[in-house]
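Beneath this line is the structure, given in C-alpha cells, with notes to follow.
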Amino acid sequence: MTPLTPLSLQVLLALADDDRHGYAIIKEIARQTQGKLQPGTGALYTSIQRLVEERLIEISHRRAAADEDDPRRRYYKLTNDGRAALAAETARLTELIAVARKKKIVPRFA
Amino acid sequence: MTSPTLYQYLLRLLPKHMRRNYGSEMTLVFTERLQERPGARPMLWIGETATLVRTGFRARVLDNLMLDLRAAARLYKRNPGFALLAFLMLSVGIGGATAMYSMLNAWVLDPLPYRDGSHLVLLETKDLKRGWTDNVSAADFADWQRDPSLEEATAWSTTGFNLTGSGDPERLLGARVGGNFFRLLGIAPALGRDFVGDDDQPGAQRTAILTHEYWQGRFLGDPSLLGKTIELDNEPATVVGILPEHFQFPLMGRANLFMPLALGVNERADRTTRWLAVLARRKSSVPPQRMQQSLDSLTRSLAEKYPGTNAGKGVYSTTLAEEIGRHQGNEVVVAVFGIMILVLLVVCSNIAGLMLAKPSMPSSSWPVRRAA
C-alpha cells in the first residue's frame with residue numbers, strides 16, 4: 001500500500017469523530033489546521049476516491065436534516081482499516097517527534 | 001453560463017469513472033464554497049482548474065501508461081522468444097544511434113573545453129617554396145609572440161621523463177610548456193598553483209604539474225604530494241599543482257607531467273633549431289584573415305633581417321579545432337549519425353511488422369482495457 005499523503009491523513013482525521021460530507025470535511029480540515037490547509041474540491045475528491053478504493057473510508061448511510069439535505073450529498077465514515085491506519089500513522093509521527101525532541105529540534109510555529 | 005455548468009465542463013478533465021462517481025457531489029461542494037466566500041471566487045476557480053488539470057493528467061496519462069506496461073509485461077512473459085528478439089533489435093538501434101550521437105556531440109556540437117576555444121590557433125613555420133610545415137625556433141617564437149594580432153602566445157614541446165625515487169622507476173610522457181600555457185587555455189589547476197613567471201626562468205628551481213589521472217594512479221591521490229619533490233631525470237623537481245580531472249590536450253598524446261620551458265639565453269637566440277609547437281590566442285577584434293596578413297608581414301621582415309635562417313619561411317596557421325581533426329571528421333560523423341537514425345527507423349518498422357504479423361494479445365482483452 002502506498003503511504004498516506006498529508007491530505008489523506010487530514011481526511012481520515014476529519015472523519016475520526018464524526019461522519020461528514022465533502023464540504024464538511026473541507027471545513028473540518030481548515031479548522032484542524034487553523035486554516036493552513038484548505039484543499040480544493042478536485043484535490044479532496046482525488047483523495048477521497050483513493051481512500052475509498054483502499055477501503056480506509058466508505059459511504060455512510062446517514063442523512064442530514066431534511067432542510068439542508070440534497071440527494072447529491074453523501075456522507076463518509078472511517079472503516080476499521082481506516083481507523084487502524086490512522087492510529088498507525090499517529091504512532092509513527094509520535095515516534096518521529098520523540099526522536100526529533102531528543103535531537104533538540106525545536107518546533108517553530110508560523 | 002452558470003457556475004455549476006462551467007464547473008461540469010471542467011470536470012471533463014477527470015477520467016470518466018471518477019466523474020461518474022463523484023461529479024455531481026463535487027459540483028455541489030464547489031458551488032457551496034463559491035456561495036460561502038464570494039470574495040475569493042477568482043482564487044477558487046484558478047486553484048480548482050489547476051488541481052483538475054493535474055489530477056486529470058495523472059489519471060489519464062500515467063495510469064494508462066502503467067496499464068500498458070503491465071499488459072506488455074504479460075505479453076512478453078507468454079512469448080519470451082519474440083520479446084528477446086525485439087529487445088535485441090531495439091538495443092542495436094538505440095545503442096548505435098546513441099553512440100553516434102556522443103561522437104557527433106564531442107566532435108561537432110561541443111565547443112573545445114578551453115576558454116574561448118574558437119580563438120585558439122596553432123602557428124607553424126611554413127616553407128614557402130616547398131609548402132611543407134615545421135616547428136618553430138625559440139627566437140622566431142619570441143618575435144611572433146609580439147605580433148599585434150595575437151592576444152597571447154605560448155609554446156610547448158613534448159618529451160619523455162624518467163621518474164625515479166620512490167616506487168618503481170617509470171618512463172612517462174610529458175611536455176615542457178611555456179609558463180602561460182594553462183592560463184592561455186583557461187585551465188586552472190584543481191589543486192596547488194599554476195606556473196608563475198619565476199618558474200619559467202632558466203636556473204629556477206624545477207617545478208612540475210601533474211594530471212589528475214596520473215596523480216591518482218601513481219601517487220594514489222595523496223594531497224601531501226604538493227610541495228614535495230620528485231626525481232625527474234635524476235634531478236629533483238617540486239610538484240606545485242594538479243590539473244583538473246579529464247584535462248587533456250590532444251596534440252600532446254597522453255602527456256601526464258608538465259614542466260616549464262625555462263628557455264636559456266642561448267636557446268632564446270637560436271633560430272636554427274625548430275623544435276617548439278606554438279599555440280596562440282587571436283585577439284577577438286581581429287578576424288582570422290587579418291591575423292594571417294599581420295603574421296605574413298612579420299615573417300617577411302624576419303626573412304629580410306635573418307636571411308640565413310629565415311629566408312623563404314612564412315607562417316602557417318590553423319585553428320586548434322581544425323588541427324584536432326574535428327573538421328575533417330565533421331561530414332563523416334554527421335553522415336554516419338544520419339545512417340544510424342535510419343537504422344533505428346528500420347528497426348522500429350521491423351518490430352512493428354512483427355507485432356502486426358502475430359496476434360500480439362488476445363483480442364478479448366481490448367474491451368476490458370478500453371473500459372479501464
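Bear in mind that the values here come from a model prediction, so they are computed numbers and not experimental data. To find a chain, count down the sequence lines: A is the first, B the second, and so on, and within it residues start at 1.
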### Message
Please report the interatomic distance CZ(B:Phe30) to OH(A:Tyr45), rounded to the nearest 0.5 Å.
### Response
13.0 Å
### Task
Take B:Thr31 and A:Tyr23 through the side-chain contact (heavy atoms from CB on, under 4.5 Å) test and state the conclusion after the steps.
CA-CA 10 Å; B:Thr31 329; A:Tyr23 191 35; over 6 Å; no
### Query
Hey, are B:Glu32 and A:Arg73 close enough for a salt bridge, meaning a charged N less than 4.0 Å from a carboxylate O?
yes
### Message
Tell me whether the count of non-hydrogen atoms from other residues, nucleotides or ligands lying under 6.0 Å of CZ in A:Arg55 goes above 12.
### Response
no
### Task
Under 4.5 Å heavy-atom distance to chain A, tell me which part of B:Thr55 shows up: side chain, backbone, both or neither.
side chain
### B:Arg193 atom CZ: more than 12 heavy-atom contacts under 6.0 Å
yes
### Heavy-atom neighbours of B:Arg41 CZ exceed 12 at 6.0 Å
yes
### Query
Is it the side chain or the backbone of A:Ile26 that comes within 4.5 Å of chain B heavy atoms, both, or neither?
side chain
### Under 4.5 Å from any heavy atom of chain A - which part of B:Glu48
side chain
### Message
Which atoms of B:Leu52 are under 4.5 Å from chain A, going by heavy atoms: the side chain, the backbone, both sets, or neither?
### Response
side chain
### Message
Could you measure the distance from the NE2 atom of B:His17 to the CD atom of A:Gln49? Nearest 0.5 Å is fine.
### Response
5.5 Å
### Query
Rounded to the nearest 0.5 Å, what separation is found between the CE atom of B:Met26 and the OG1 atom of A:Thr46?
6.0 Å
Atom pairs and distances, donor-acceptor, side-chain atoms in residues 220-230 of chain B, under 3.5 Å, two or more places apart:
{"residue": "B:Asp222", "atom": "OD1", "partner": "B:Ser224", "partner atom": "N", "Å": "3.0"}
{"residue": "B:Asp222", "atom": "OD1", "partner": "B:Ser224", "partner atom": "OG", "Å": "2.9"}
{"residue": "B:Asp222", "atom": "OD2", "partner": "B:Ser224", "partner atom": "OG", "Å": "2.9"}
{"residue": "B:Ser224", "atom": "OG", "partner": "B:Lys228", "partner atom": "NZ", "Å": "3.1"}

### Query
Of the non-hydrogen atoms in B:Arg33 and A:Gln38, which two are nearest, and what is the gap between them?
NH2-O, 4.1 Å
### 4.5 Å side-chain heavy-atom contact, A:Thr41 and B:Tyr7
yes
### Query
Does CG in A:Asn80 sit with more than 12 non-hydrogen atoms of other residues, nucleotides or ligands closer than 6.0 Å?
no
### Task
Name the option with the most non-hydrogen atom pairs under 4.5 Å to chain B; the candidates are A:Gly22, A:Ala24, A:Pro39, A:Gly42.
A:Gly42
### Query
What residue, out of B:Thr51, B:Val29, B:Asn21, has the most heavy-atom pairs lying under 4.5 Å from chain A?
B:Val29
